[in-house]
Number of protein chains: 2
Amino acid sequence: MLDTITASRNDDVIAREWAEASLAIVASPRQPAIESMLQGVPVQRRGVRRKQTLFYAGQPCHSLFLIHAGVFKTTVLSEDGRRKITGFHLRGDLLGMDSFGAPVHACDAVALDTGEVWEIPLATLRDHAPELLPHVTTMLASEIRRDWNWMLTLGTLNAEQRVVAFLLDFAARVEALGFSARHLLLRMTRADIGNFLALQLETVTRILSRLAATGLIVVDGREVRIEDAGALRRMLVH
Amino acid sequence: MLDTITASRNDDVIAREWAEASLAIVASPRQPAIESMLQGVPVQRRGVRRKQTLFYAGQPCHSLFLIHAGVFKTTVLSEDGRRKITGFHLRGDLLGMDSFGAPVHACDAVALDTGEVWEIPLATLRDHAPELLPHVTTMLASEIRRDWNWMLTLGTLNAEQRVVAFLLDFAARVEALGFSARHLLLRMTRADIGNFLALQLETVTRILSRLAATGLIVVDGREVRIEDAGALRRMLVH
DNA sequence: CGGTGGTTTGAATCCGTTCAAGAACCGTGG
DNA sequence: CCACGGTTCTTGAACGGATTCAAACCACCG
């Protein structure tokens with residue numbers, strides 16, 4: 001993957017171009033920018049149904065998957081069966097990157113509702129869009145920074161603050177996709193949220209009820225309306 | 001070499017080569033893989049003292065730093081002052097990767113004792129060793145997998161198990177560098193360990209005392225001798 | 001020496017978990 | 001259409017593991 005090489009061009013030239021491209025890219029907020037870069041690249045569009053697994057950890061990985069619609073979760077699993085959700089993913093996110101340089105996938109990717117992904121075989125990436133590779137590197141780096149931020153959140157905030165952080169993060173992400181930041185439709189269960197935030201599902205429920213009781217949000221099942229984003233944000237200030 | 005593949009070779013061959021290359025990186029023997037790849041690359045050797053900060057979050061980043069000696073910690077900081085250690089780093093680890101594609105560093109890097117780093121300006125990387133960039137991508141991906149594993153550990157194990165996981169991880173890493181896996185010299189404080197594991201320093205102290213009381217380890221300040229690695233490993237099975 | 005940073009241990013407290021039970025929801029099939 | 005079983009969500013009460021607060025100890029160093 002990291003090879004990109006056609007017979008006519010030599011390694012040094014390719015590598016230098018790659019380096020320049022990487023250095024030129026500045027951290028960009030989330031956007032389906034990748035989608036527009038795939039002009040002329042033959043991708044395989046693939047519909048997925050709720051609860052369908054896109055790929056399993058341990059499976060050979062030969063493609064990246066660009067989310068075009070739907071919400072996904074990725075999970076890691078320990079030998080003794082402990083499972084942890086490592087993230088929720090929306091349109092524009094790239095699934096499978098984390099296995100770069102590895103022969104098999106490191107996580108499971110599961111659709112939380114019906115959706116569509118664009119499958120990009122690594123061979124296609126290499127042959128048709130090698131200029132995209134630096135972007136993958138950049139996205140990997142920003143994934144690390146995102147993970148670190150969640151580590152910070154989980155490691156230093158209490159249960160209530162974690163749930164609030166989750167809601168605000170989700171709101172910001174759907175807003176960046178052009179949807180309302182006020183009306184959230186959580187596609188995941190309370191158990192999923194709890195797993196991600198290192199809390200029990202009962203704790204998540206209780207906290208949502210409490211927030212609703214104080215009027216900061218309105219909860220109706222998986223629909224959450226944010227009534228006072230400012231107050232929520234202030235709760236995160238330690 | 002990951003980047004010498006021509007279009008004529010099929011995925012299987014490529015995948016196998018990746019696997020071999022990545023395994024070679026992960027299972028680095030005494031001589032860290034990256035170090036030997038820097039033959040002929042003009043790096044700047046730089047000594048650091050205990051508690052010295054290599055770079056701060058927010059600083060413009062124009063170099064990677066390869067650890068040649070010493071132990072470092074990287075930390076992220078929230079706006080309201082919460083700080084979290086994102087990792088401890090040994091010889092062969094590359095610091096600053098996570099800022100790839102970003103104009104400034106995302107974390108602080110602090111030396112826990114005297115050490116030496118090889119500073120590799122990004123410009124140098126581009127001009128003298130562009131073939132190293134794919135390795136950076138691979139290392140970024142494996143950093144993500146490492147982070148996910150710690151998320152799993154912190155999210156699903158109790159305090160005692162986390163401390164045990166920390167000790168075993170540290171032991172495995174120093175062993176991979178050619179040192180004894182039995183005699184650990186923890187360079188970080190109890191507060192550092194606690195911060196990394198999302199525990200209070202008193203909890204870390206108590207657990208080390210308890211493990212010592214049951215004879216699984218011997219503790220003398222920052223020196224820890226592992227007496228029964230098997231029993232420790234068994235404690236991690238949920 | 002006193003001072004500082006780090007470690008250890010105890011006792012009381014509290015936050016989130018655990019266990020339990022019931023309600024609401026949803027797709028499926030009779 | 002409603003009955004059904006399974007999943008998800010909600011709420012209560014009791015419990016317990018980790019935190020918090022406090023005090024003492026130690027090593028090191030200016």
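None of the values given here were measured: they were computed from a predicted structure. Residue numbers begin at 1 in each chain, while the letters A, B, ... track the order of the sequences. Heavy-atom basis, side chains included; hydrogens, waters and symmetry copies ignored.
Judged by distance alone, with hydrogens and angles left aside, the side-chain atoms of A/Arg82 form no donor-acceptor pair with the main-chain N or O of B/Thr156 at under 3.5 Å. Listed for the A/Asp108 side chain is a donor-acceptor partner under 3.5 Å among the backbone atoms of A/Ala57. In this structure, the side chain of B/Asp147 does not engage the main chain of A/Ile144 through any donor-acceptor pair within 3.5 Å. Here the side chain of B/Arg162 pairs a donor or acceptor atom with the backbone of B/Ala198 at under 3.5 angstrom.
Contacts between residues 157-166 of chain B and DNA chain D, counted as heavy-atom distances below 4.0 Å, involve B/Asn158, B/Ala159. If you check residues 197-207 of chain B against DNA chain C, the residues with a heavy atom closer than 4.0 Å are B/Leu201, B/Glu202, B/Thr205, B/Arg206, listed by number.
By the 4.0 Å N-to-carboxylate-O rule, B/Asp93 lies close enough to B/Arg173 to be salt-bridged with it. The pair A/Glu227-A/Arg225 meets the salt-bridge criterion, since a charged nitrogen lies less than 4.0 angstrom from a carboxylate oxygen.
Here the options are A/Glu119, A/Glu35, A/Glu116, the test is salt bridge (Lys or Arg N to Asp or Glu O under 4.0 Å), and the partner is A/Arg45; only A/Glu116 passes.
The distance between atom CG of B/Asn195 and atom P of C/dT7, rounded to the nearest whole Å, is 13 Å. In this entry the distance linking CG of A/Leu208 with P of D/dT11 reads 10 Å, nearest Å. In this entry the distance linking CD1 of A/Ile193 with P of D/dT8 reads 13 Å, nearest Å.
Side-chain atoms of A/Ser209 lie closest to D/dT11 of the nucleotides D/dT11, C/dT8, D/dT10.
To the nearest 0.5 Å, atom OG1 of residue A/Thr86 and atom CZ of residue B/Arg145 are 12.5 Å apart.
Note on ring orientation: taking the six-membered ring where Trp is involved, the planes of B/Trp150 and B/Phe196 are perpendicular (angle over 60°, cut-offs 30° and 60°).
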Give every pair of a protein N or O atom and an N or O atom of nucleotides 3-6 of chain C that lie under 3.5 Å apart, one pair per line with the distance.
from: C/dG6; atom 1: O3'; to: B/Arg222; atom 2: NH2; distance (Å): 3.3

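Here the two rings, on B/Phe65 and B/Phe55, have centers that are under 6.0 Å apart.
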